[in-house]
Amino acid sequence: MEIIIQFIIVLMVVYIGYYVLVIRRHKKFNEKKCPLEALYLIKKYKIDPKRINFVHLLKTIALINAIIIALVMTIISFINGLLPQLGLAFLLLLVLIMLSYNQLGKHYRKKGLTKDV
């Protein structure tokens, strides 16, 4: 039960922090001031920023990032030793970020919100 509470607290703290620091500052798409996560999705999956609700995209990215960070922190809390924790955290972060952003990009492609090339 303690692990679930820890997961939920970390999830909420990360999401609220991302909301306050990133989402409130970006109401419209601006390539020069766009967060790197959103810019990565827009460039790699050719998402048309004019056809999407940019704030909704940022909220989705914030939720994905919060889940990833909370999940990684929960998993590495079971491992003893700083070096194994750091190694596993780095590996998990890379894998989870690539998988989740890939799925989000495919979702936007499937909805037809890509640029016509």
Side-chain angles (χ1 to χ4, degrees):
M1 187 67 175
E2 182 180 315
I3 296 168
I4 295 172
I5 293 171
Q6 176 186 356
F7 178 84
I8 292 171
I9 289 172
V10 171
L11 181 82
M12 289 173 35
V13 167
V14 171
Y15 183 80
I16 291 170
Y18 195 89
Y19 186 85
V20 168
L21 295 175
V22 177
I23 296 173
R24 284 186 23 193
R25 290 193 288 161
H26 298 94
K27 298 296 181 193
K28 293 184 181 179
F29 176 72
N30 181 354
E31 191 169 342
K32 292 182 181 180
K33 295 182 180 180
C34 182
L36 286 176
E37 300 97 335
L39 198 58
Y40 168 77
L41 285 169
I42 289 170
K43 297 287 185 185
K44 180 167 182 176
Y45 296 100
K46 296 177 178 50
I47 297 171
D48 190 0
K50 296 173 185 161
R51 295 175 75 186
I52 63 169
N53 182 349
F54 188 65
V55 175
H56 185 266
L57 174 68
L58 291 179
K59 287 180 181 179
T60 306
I61 291 172
L63 183 62
I64 288 172
N65 288 342
I67 290 170
I68 289 172
I69 291 172
L71 188 63
V72 168
M73 197 190 104
T74 303
I75 291 171
I76 66 167
S77 67
F78 292 114
I79 298 178
N80 295 329
L82 181 64
L83 200 55
Q85 283 182 338
L86 287 174
L88 183 63
F90 182 72
L91 183 67
L92 283 173
L93 280 172
L94 285 177
V95 170
L96 290 174
I97 287 172
M98 296 311 291
L99 288 175
S100 59
Y101 283 14
N102 186 16
Q103 289 301 315
L104 184 60
K106 286 182 180 180
H107 171 73
Y108 277 109
R109 251 193 210 164
K110 189 175 181 181
K111 286 177 79 173
L113 299 173
T114 57
K115 296 178 185 176
D116 296 327
V117 180

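Nothing fancy with the numbering, it's 1 onward along the sequence.
Apart from Leu83 itself, the hydrophobic cluster it occupies contains nothing, where clustering links Ile, Leu, Val, Met, Phe, Trp and Tyr at side-chain heavy-atom distances under 4.5 Å. Counting Ile, Leu, Val, Met, Phe, Trp and Tyr side chains that sit under 4.5 Å apart, directly or through other members, Leu36 stands alone, with no cluster partners. Hydrophobic clustering, defined by side-chain heavy atoms of Ile, Leu, Val, Met, Phe, Trp and Tyr closer than 4.5 Å, groups Val14 together with Val10, Ile69, Met73. Hydrophobic cluster of Val13: the remaining members, joined at side-chain heavy-atom separations below 4.5 Å, are Met1, Ile5, Ile9, listed by chain and number.
Residue pairs meeting the side chain to side chain donor-acceptor pair (under 3.5 Å) criterion with at least one partner in residues 4-13, sequence neighbours excluded, do not occur; the list is empty. Sorted by first and then second residue, the ring-ring contact (aromatic ring centres under 6.0 Å, His included) pairs with a member in residues 51-76 read Phe29-Phe54; sequence neighbours excluded. Sorted by first and then second residue, the ring-ring contact (aromatic ring centres under 6.0 Å, His included) pairs with a member in residues 84-109 form an empty list; sequence neighbours excluded.
Between atom CG of residue Leu88 and atom CZ of residue Phe78 there is a gap of 12.0 Å, rounded to the nearest 0.5 Å. The line from CG of Asn53 to OG1 of Thr60 is 9.0 Å long, rounded to the nearest 0.5 Å. Between the CG atom in Leu41 and the CD1 atom in Ile64 there is a gap of 7.5 Å [rounded to 0.5 Å]. One distance of note links CG of Leu92 with CD1 of Ile97; it measures 10.5 Å at 0.5 Å rounding. A distance of 12.0 Å separates CG in Leu91 from CD1 in Ile76, rounded to the nearest 0.5 Å. Here CD1 of Ile16 is found 11.0 Å from CD1 of Ile23. Values are rounded to the nearest 0.5 Å.
Residues meeting the side chain to side chain contact (heavy atoms under 4.5 Å, CB included) test with Leu71, sequence neighbours left out: Phe7, Ile75, Leu96. For Lys43, the side chain to side chain donor-acceptor pair (under 3.5 Å) test picks out Glu31, with sequence neighbours left out. Asn102 meets the side chain to side chain donor-acceptor pair (under 3.5 Å) test with Tyr45; sequence neighbours excluded. Shown here are the side chain to side chain contact (heavy atoms under 4.5 Å, CB included) partners of Ile8, two or more places apart in sequence or in another chain: Ile4, Met12. In this view, Val22 and Tyr18, His26, Pro35 satisfy the side chain to side chain contact (heavy atoms under 4.5 Å, CB included) rule, not counting sequence neighbours.
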Step-by-step side chain to side chain contact (heavy atoms under 4.5 Å, CB included) determination, Ile61 to Asn65: CA-CA 6 Å; Ile61 291 172; Asn65 288 342; 3.6 Å; yes

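Both Val72 and Ile79 are members of a single hydrophobic cluster when ILVMFWY side chains are connected at heavy-atom separations under 4.5 Å. When hydrophobic clusters are built by joining Ile, Leu, Val, Met, Phe, Trp and Tyr residues whose side-chain heavy atoms come closer than 4.5 Å, directly or via intermediates, Leu21 is grouped together with Leu58.
Annotation: side chain of Lys59 is not in contact with side chain of Leu63 (no heavy-atom distance under 4.5 Å).
Residues Gly81 and Pro84 come closest through the heavy atom pair O-CD, 3.5 Å.
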